[in-house]
Amino acid sequence: MSTRNGEVVVVGGGLHTTVQDTGRDGYYSLGIPPSGAMDRFSYRVANMLVGNPDGAAALEATYVGPTLEFTDDRRVAVTGASAPVTVNGEPVPTWQTVAVRAGDVLSFSMLTAGARPYIAISGGVSVPVYLGARSTYTLTGLGGFEGRRLADGDRLPLGEEELADPPEVGSTVEEALRPDLPDVTLLRTMIGLCSYRVTEESMRVFTSTEWKVTKDADRIGYRLHGGRFDFVDREPPHGAGSDPANVVDLGYPLGSIQVPGGDEPIVLLNDAVTAGGYATVGTVISTDLDRIAQAKTGDRVRFEPVDLRTALEARADRHARLERVRRALREQGARA
Amino acid sequence: MTTIKTAMPGVIYRRPSPEEEPFVREGETIEEGQTIALVEVMKNFNEVKADQSGRLTRFLVEDGDEVAISQDIAELED
């Protein structure tokens, strides 16, 4: 293996680019959300394409991709949201293993679909592990690169954790295995935990409305607009407070949908508050958190009620799709 | 004639704050890199900058409009 400077220079940080991995599990009860890549499928495939072990840290950009200058030989792959990508001004394909050398500059044009591109670099981004993860949680400034989004001029340390048998340069993921990036995103949702607080008619509105993603949509949560909820009259239980949207505090599942004022439901995501006292009317299934991650401000989403069995099948399907990608990449290597 | 586009979606503002003058008025000449508007998204106000110099002939959005990625914000005469 050649000697490495072991870093990549952030020429332009983009709008909100952070270091993310599979997330910081195990501290939810202490109020620390998992963070981690929001579109896990695209993140995992990016790592596969560059020959990184599962769980290596990569970059997640939002709306505006970063400009990166490499300081040694690496493989790089861009997945997730669609955008024209160039190396030294020459177009390179996304969802493909690309070779870069010292001095090469990777940049993005404006996104054409989706919200979050993922950039994996062979060796992984080797920021210090904090509480078991390299994921950035910007709200309290922990993990990732100095606990914050990337800024122009940052130099990110790169690691050497590479698989012995990485995909050949030029290996690609066929379109059928890539996520759709539709204008209206369907979010399969389990109804609960506090849907009893709103009327049946409101639940019908909830599942039949095309909700618009407002400007307040980020890694913490997505605020939506398009309908309103009426609450069922009640005598507030001890500890719930008098606001009809309030319940006795509970842990919020990742992906849960709360309705603080009765209008503008909020889907709680990877960096969200872990518990509180707002009624939650449903929870987006874990697989479809990948989908909402690629919905952008101005896009529309719909909630489709599903049961637990459907949710688990969806999770198994996603796992199978990831394994198909892994196998396809191995087969391309064998043919080369 | 070319246009200046926004790279991010959100709500656009032509002035730094409600009480202040607009960044640029129609007909004024602007330099490459100059801020012409702000786009509010993800609880931040992000600058939209001109990617080239020229005379800004016309704004294609109003204060408070919702904008989409790659939407034309203003027309520019070289």
Side-chain angles (χ1 to χ4, degrees), chain A residues 12-18 38 60-67 81-85 107-117 136 138-139 148-149 151-152 181 183 212-226 266 269-272 293-301, chain B residues 1-20 22-24 30-54 56-76 78:
Chain A
L15 184 61
H16 188 97
T17 306
T18 52
M38 288 179 67
E60 177 187 276
T62 311
Y63 299 138
V64 180
T67 303
S82 301
V85 176
S107 23
F108 283 81
S109 297
M110 286 187 196
L111 265 55
T112 53
R116 293 185 166 79
T136 315
T138 55
L139 275 189
R148 58 170 172 80
R149 64 180 163 155
D152 302 356
L181 300 169
D183 291 333
K212 187 169 156 193
V213 179
T214 67
K215 65 181 165 52
D216 299 316
D218 56 19
R219 290 184 46 85
I220 302 162
Y222 270 42
R223 186 183 280 266
L224 308 173
H225 185 79
I266 301 170
L269 299 172
N270 300 46
D271 288 359
Q294 295 298 354
K296 54 190 184 297
T297 290
D299 282 354
R300 281 163 206 278
V301 301
Chain B
M1 193 204 65
T2 56
T3 57
I4 302 170
K5 297 171 191 294
T6 171
M8 56 222 136
V11 176
I12 198 155
Y13 301 99
R14 284 183 48 197
R15 46 192 87 225
S17 71
E19 301 78 35
E20 288 178 81
F23 290 107
V24 190
I30 57 169
E31 298 296 321
E32 182 184 340
Q34 189 176 331
T35 299
I36 66 154
L38 298 175
V39 170
E40 184 189 8
V41 70
M42 299 196 295
K43 298 180 186 122
N44 273 305
F45 291 91
N46 309 283
E47 295 175 336
V48 178
K49 292 179 174 170
D51 45 12
Q52 61 183 88
S53 307
L56 192 154
T57 50
R58 191 157 75 100
F59 269 97
L60 302 169
V61 292
E62 298 290 331
D63 249 8
D65 277 0
E66 293 180 9
V67 293
I69 292 177
S70 79
Q71 185 174 332
D72 292 327
I73 300 307
E75 291 178 351
L76 199 62
D78 298 338

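Hydrogens, waters and symmetry mates play no part in the numbers below; they use all other heavy atoms, side chains included. Convention: sequence-line order gives letters A, B, ...; per-chain numbering from 1. Please read these numbers as outputs of a predicted model, since none were measured by experiment.
Here the NZ atom belonging to A:Lys215 is positioned 12.5 Å from the CE atom belonging to B:Met42, to the nearest 0.5 angstrom.
Considering A:Thr214, A:Thr297, A:Asp218, A:Thr62 in turn, A:Thr297 is the only one that fulfils the side-chain contact (heavy atoms from CB on, under 4.5 Å) rule with B:Val41.
Within residues 5-13 of chain B, the residues approaching chain A closer than 4.5 Å by heavy atoms are, in numerical order, B:Lys5, B:Thr6, B:Ala7, B:Met8, B:Pro9, B:Gly10, B:Val11.
Heavy-atom distances place the side chain of B:Glu66, and not its backbone, under 4.5 Å from chain A. Only the side chain of A:Leu15 comes within less than 4.5 Å of a heavy atom in chain B; its backbone stays farther off.
The 12-atom threshold is not exceeded at CD of B:Glu62, counting heavy atoms of other residues, nucleotides or ligands nearer than 6.0 Å.
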